[in-house]
Protein chains: 2
Amino acid sequence: MTRQRAGVLELAVLGLLHETPMHGYELRKRLNALLGAFRAFGYGSLYPCLKDLTGRGLIAEEAFAEPAKPLAGRRSKIVYRLTAEGKEYLQDLLSQAGPASWEDDGFGVRFAFFGQTRADIRLRILEGRRSRLEERVEAFRAGLTRTRERVDRYTLELQRHGLESVEREVRWLNELIASERQAGGEPPRQPRGHTPDGAGAPATRPGGGSE
Amino acid sequence: MTRQRAGVLELAVLGLLHETPMHGYELRKRLNALLGAFRAFGYGSLYPCLKDLTGRGLIAEEAFAEPAKPLAGRRSKIVYRLTAEGKEYLQDLLSQAGPASWEDDGFGVRFAFFGQTRADIRLRILEGRRSRLEERVEAFRAGLTRTRERVDRYTLELQRHGLESVEREVRWLNELIASERQAGGEPPRQPRGHTPDGAGAPATRPGGGSE
DNA sequence: GTTAGCATGTAAGGAGTTACATGATTTT
DNA sequence: AAAATCATGTAACTCCTTACATGCTAAC
């Protein structure tokens, strides 16, 4: 299992193309709908990435069957699909649980593709992230204790807010982890028809929206 | 007012050195205590930055008055202080309210130095950030509405959590803005009680939220 | 007497960003 | 016919990361 390293964008592109082939423009929209809250990518990032992945044989332009208009010199859409190598590579990425998958940058995307990730890996990533965040909380508190340094109210407010956000995420992770454990390694399974909701649904507590 | 552009690190370094002179190692600790929840910098980032700022004459090595040990070949600490140019430059940076100050990357640091920022600028930055986040919420909802795309439960959960984080930060900003308005340009003073609710997610990630 | 923490750096490079450039198609 | 949106790209650049390299000093 060759410890691959890939940027967020690369993983996201591969993951999305695994679901269904797409052209760049659409990909970007889906990308930003998926990760919108965390980051946004522009075409200046996406197209070079597609080019690179194509060059490495992980994705390929689809022999397109666009129904209506294979007409003249039209700059046609380029639909990309995952190749066999691409699929393998993606699976490889998705079976890794390391720092890259729980640090701030990577976690969001990684989580987004949990549906294709093995249950044990999911758990390790969730726990990895949690302990990462707990370290942060710890360091924070240590810093607050030796409050020799006079901090103005904005600094204080920033830290308070930061701490609260982190704690919030820890609680979220706790719920997810509990829910994963409860499901006991079952495959996530949801074969397309519909999801009977209920069974393993993480986090979303019926009563409380917020804290 | 020459529209300067500076990285997060640069601004943070200048801001911290404005409070008091320091050497690199200490600077890094303070840096990560300040921004710990949002990002962390290593020495590999800091020292080159200090070098660069020195080269530009914005900071300088202090003629050091280390009391006890100016002894032999000891690799002594290098204490940096802000030069006059540095102060001017910093003020210039702090008087700007543009995208760089309310995007995910910049907002945290920018807020951390609100104590040295004019009241009207503070307000514009807070409002800028809020409307940035509101755009995001909007785009999100639009995405959810056309839920043609079948999303699995993890994707959904990620988006739900992301949305909630953003909304939370908006509420936090609302309170800050109200409090700024109430103070009506008054110099900063400790807000009453302080907000029981509050967090949002300033940074880039599920717990944090960023772009 | 060895780990942990203090203290300072460099070289190489990665992952996107910004600004620009172009043209087709749909909507108003 | 103008404006918005779809659609694809490149060149130059920036900010920061990673891995490495060094040595001193305090604590256990």
Side-chain angles (χ1 to χ4, degrees), chain A residues 3-13 22-32 35 38-56 61 64 66 68-80 98-100 103-106 108-109 139 142, chain B residues 3-13 22-32 35 38-56 61 64 66 68-80 98-100 103-106 109 139 142 204 210-211:
Chain A
R3 210 122 277 267
Q4 318 270 16
R5 62 180 58 223
V8 176
L9 181 52
E10 189 173 300
L11 177 55
V13 166
M22 257 176 285
H23 59 273
Y25 192 86
E26 195 185 345
L27 199 45
R28 192 222 175 197
K29 274 193 308 181
R30 302 261 279 125
L31 213 52
N32 292 335
L35 306 171
F38 319 122
R39 52 197 317 163
F41 296 99
Y43 299 114
S45 310
L46 179 57
Y47 286 111
C49 178
L50 287 171
K51 200 179 181 181
D52 181 56
L53 288 172
T54 304
R56 287 155 66 197
E61 300 185 15
F64 70 102
E66 195 157 351
K69 301 178 179 177
L71 280 172
R74 182 190 176 193
R75 162 129 78 160
S76 55
K77 298 192 230 182
I78 301 173
V79 175
Y80 294 94
E103 287 300 323
D104 290 327
D105 274 2
V109 220
Chain B
R3 209 121 278 263
Q4 318 272 15
R5 64 178 58 224
V8 175
L9 181 53
E10 189 173 299
L11 176 55
V13 166
M22 256 176 288
H23 59 273
Y25 193 86
E26 196 186 344
L27 199 44
R28 192 222 175 196
K29 274 194 308 181
R30 301 262 279 125
L31 212 52
N32 293 334
L35 306 172
F38 318 121
R39 53 196 317 165
F41 296 99
Y43 300 114
S45 310
L46 179 58
Y47 288 111
C49 177
L50 287 171
K51 198 178 182 183
D52 180 57
L53 288 172
T54 305
R56 286 154 67 196
E61 300 185 16
F64 71 101
E66 194 157 352
K69 301 179 178 178
L71 280 173
R74 184 191 175 193
R75 162 127 77 157
S76 55
K77 298 191 232 184
I78 302 172
V79 175
Y80 295 94
E103 286 300 323
D104 290 324
D105 273 2
V109 221
T204 304
S210 89
E211 140 157 21

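Quick caveat, the model's predicted, so the values are computed rather than measured. The chains referred to below are lettered A, B, ... by the order of the sequence lines, with proteins before strands, and numbering in each begins at 1. Note: hydrogens, waters and symmetry copies are ignored here, and every other heavy atom, side chains too, is used.
For the residue pair E10(A) and C49(A), the shortest heavy atom distance occurs at CA-SG, 4.0 Å. Pairing each heavy atom of Y43(B) with each of P48(B), the nearest pair is O-CD, 3.6 Å. Residues V109(B) and A12(B) approach most closely at CG1-CB, 3.6 Å, considering heavy atoms. Shown here for L35(A) and G108(A), the closest heavy-atom pair between the two residues is CD2-C, 4.3 Å. Across all their heavy atoms, V8(B) and R39(B) have their closest contact at CG2-NH1, 3.5 Å.
We find that OH of Y25(A) is positioned 16 Å from P of dA24(C), with the value rounded to whole Å. Computed from coordinates, the L27(A) CG to dA7(D) P distance equals 12 Å when rounded to whole Å. Atom P of nucleotide dC13(D) and atom CG of D52(B) are separated by 16 Å, given to the nearest angstrom. We find that CG of N32(B) is positioned 13 Å from P of dC6(C), with the value rounded to whole Å. With rounding to whole Å, Y47(B) atom OH is found 12 Å from dT22(D) atom C1'. A straight line from CG of L53(B) to P of dT8(C) spans 15 Å, rounded to a whole angstrom. For the pair E26(B) CD and dG5(C) P, the computed distance is 17 Å after rounding to whole Å. The distance between atom NE2 of H23(B) and atom C1' of dG5(C), rounded to the nearest whole Å, is 12 Å.
The C1' atoms of five pairs define one axis at each end of the helix from dG1(C)-dC28(D) to dT28(C)-dA1(D), and these two axes lie 50° apart (to 10°).
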inquiry  = Under the criterion side-chain contact (heavy atoms from CB on, under 4.5 Å), I'd like the reasoning laid out for V79(A) against E26(A): C-alpha separation, chi angles, the key distance, then a yes or no.
reply    = CA-CA 10 Å; V79(A) 175; E26(A) 195 185 345; over 6 Å; no
query = Please walk me through it: do L50(A) and L27(A) pass side-chain contact (heavy atoms from CB on, under 4.5 Å)?
reply = CA-CA 10 Å; L50(A) 287 171; L27(A) 199 45; 3.8 Å; yes
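Between Y43(A) and the phosphate of dG9(D), there is no side-chain N or O to OP1/OP2 separation shorter than 4.0 Å. Side-chain N/O atoms of K51(B) include one lying less than 4.0 angstrom from OP1 or OP2 on dT10(C).
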Atom pairs, protein N/O to nucleotides 14-17 of chain D N/O, distance under 3.5 Å:
from, atom 1, to, atom 2, distance (Å)
dC16(D), OP1, V8(B), N, 3.2
dT17(D), OP2, S45(B), OG, 2.9

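Comparing dG9(D), dT8(C), dA7(D) by their closest approach to the side chain of K77(B) singles out dT8(C). Out of dG9(C), dG9(D), dA7(D), the shortest distance to the side chain of I78(B) is found at dG9(C).
Note that OH of Y80(A) and NE2 of H23(A) are 11.0 Å apart. Values are rounded to the nearest 0.5 Å.
The ring pair (Phe, Tyr, Trp, His ring centres under 6.0 Å) check on F41(B) picks up nothing, with sequence neighbours excluded.
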